[in-house]
Amino acid sequence: RQRETMLKALYETTLANLSDAVRVSDAADRTIFVNDAYVALTHGPSRDYFLQKPFPEVYAALHVRKEDGTPLPLEEAPTTRARRTRRSQHLHAARMRTLEGPELVLDVSCVPVLGGTGEVVQVVTVYRDITELYRLKEALELRVAERTRELATERDRLKVALDDLQNLEKVKAAFINAVSHDLRIPLSGIIGYAEFIEDEVGGPISDEQRQFAHNIIEASRRMTSLLNDLLDFARMEAGRFAVEPRIIDYEPLLQEALATFRPPLDKKHLTLHVEIAPALRRILADPARVIQVLSNLLSNAIKFTPEGGRITVRACPEHEHLRVEVADTGVGIPADALPHMFERFYQTKAGTRAGGSGLGLSIAKSLIEAQGGQIGVESQEGKGSTFWFTLPVAAEPPSGS
């Protein structure tokens, strides 16, 4: 008995000094112990008040409810369930109105104490006040809900803007495509008739008239080049851009591209130097697209190299690729412009003065990358530029095939 008395005193002392509220009930749900924290939590008058008053009356006075605010009958309370099931019970968020009025949110845990034959002799219920945490949680959930609504509204707005932008892109691509096609036909006629005049097909002309005709031809060719760039750009935007690689010899392709640039080279008295590595392997590429890229790089080199300058075209193997370089002794490119040279519509000040669409290098980049290669530029302002690109070397056929 002395040991039982000592254990009971130790048990009650331990529960009495817990910071959480504790209520101990017997098998008939009569309150046999509450600690001071329980009295403070419920705003009760004293510990004796709870020991003497029937618990159903106390429970009714506390107006216990579920988290959603609906009443929680005593039959469904964690204490009753623990006694009925002989298992621990937990209720995360129970709402309770204290005896003096303020509402609290509690975390409730119940543990049944079993006797020697397995019957419930006591139930220990611990109440933890989580009101502040719950209010923070509710405030956070409210803020999250508000922000979610704001994001949904912003998403809808962006979707509308994206749809408008996509429609605008379609209209732009269709417009560029239509304009490019519609303007190429009259431009071809202008060039043809200007050439007739220059060649004196319709009769003799003066030197001044010949120069006028020549200027018309040059301007029309520049316009044709611009339209070709716009047409390629429209095809890329519309996803109708095609590359058809096949195994080809590079040297004849290079000579074909260079042949068309002899007149502008001679006109500016530019020296052309060609360096082709011996026994150059064949490459896997689209010949028409390779000539297009070469033409763009050679045209730029001629455009930005002063009279009497030098242009060098090199071709040499580099690992499993062919590396082609077009180097000039022209005006060069500012260091801050180099990272942007292959962006759409980007032009340096020199490029703006020389005219053009700002699309040529961007298109060249797309053409080379579509064929499995890379493209880049090295330059120093005032000392010329070197544009380079690589294309994959074709696999050699097996011996004896």
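For residues 284-293, the pairs satisfying salt bridge (charged side-chain N to carboxylate O under 4.0 Å, His left out) are D232-R289, with sequence neighbours left out. Listed by first and then second residue, the ring pair (Phe, Tyr, Trp, His ring centres under 6.0 Å) pairs involving residues 48-85 are Y38-F50, F55-Y59 (not counting sequence neighbours).
Residues V24 and V123 are not in side-chain contact: their nearest non-hydrogen atoms beyond the backbone lie 4.5 Å or more apart. Using a 4.5 Å heavy-atom threshold, the side chains of R314 and V324 count as separate. Contact annotation: the side chain of I333 never approaches that of F304 to less than 4.5 Å [non-hydrogen atoms, C-beta and beyond]. A 4.5 Å side-chain heavy-atom check between S362 and Y346 finds every atom pair outside the cut-off. In this structure, the side chains of I276 and L254 come closer than 4.5 Å at one or more pairs of heavy atoms. Residues L294 and L253 fail the side-chain proximity criterion, which asks for heavy atoms closer than 4.5 Å. For the pair T42/V34, no side-chain contact is recorded, criterion being any heavy-atom separation below 4.5 Å from C-beta on. Put simply, the side chain of R47 reaches to within 4.5 Å of the side chain of D36, judged on heavy atoms.
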Verdict with reasoning, D199 to R210, per salt bridge (Lys or Arg N to Asp or Glu O under 4.0 Å): CA-CA 8 Å; D199 295 339; R210 182 174 286 102; over 6 Å; no
Worked check of salt bridge (Lys or Arg N to Asp or Glu O under 4.0 Å) between E138 and R95: CA-CA 14 Å; E138 287 181 325; R95 297 180 180 271; 3.2 Å; yes
Residues L284, L391; criterion side chain to side chain contact (heavy atoms under 4.5 Å, CB included); working and verdict: CA-CA 7 Å; L284 183 64; L391 290 169; over 6 Å; no
Trace of the salt bridge (Lys or Arg N to Asp or Glu O under 4.0 Å) decision for E325 with R323: CA-CA 7 Å; E325 296 179 357; R323 180 183 174 97; 2.8 Å; yes
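In this structure, the side-chain hydrogen bond (donor to acceptor under 3.5 Å, both in side chains) partners of S25, at least two apart in sequence or on a different chain, are R83.
Taking CD1 from I247 and CD1 from I283, the interatomic distance works out to 10.5 Å, rounded to the nearest 0.5 Å.
Look at D163 and K159 and you find a salt bridge, because one of the NZ, NE, NH1 or NH2 atoms lies within 4.0 Å of a carboxylate O, short of that distance.
Within 6.0 Å of atom CD in Q255, more than 12 heavy atoms from other residues, nucleotides or ligands are found, so the atom counts as buried in its surroundings.
A tilted orientation is assigned to the rings of H90 and H92, their planes being inclined by 30° to 60°.
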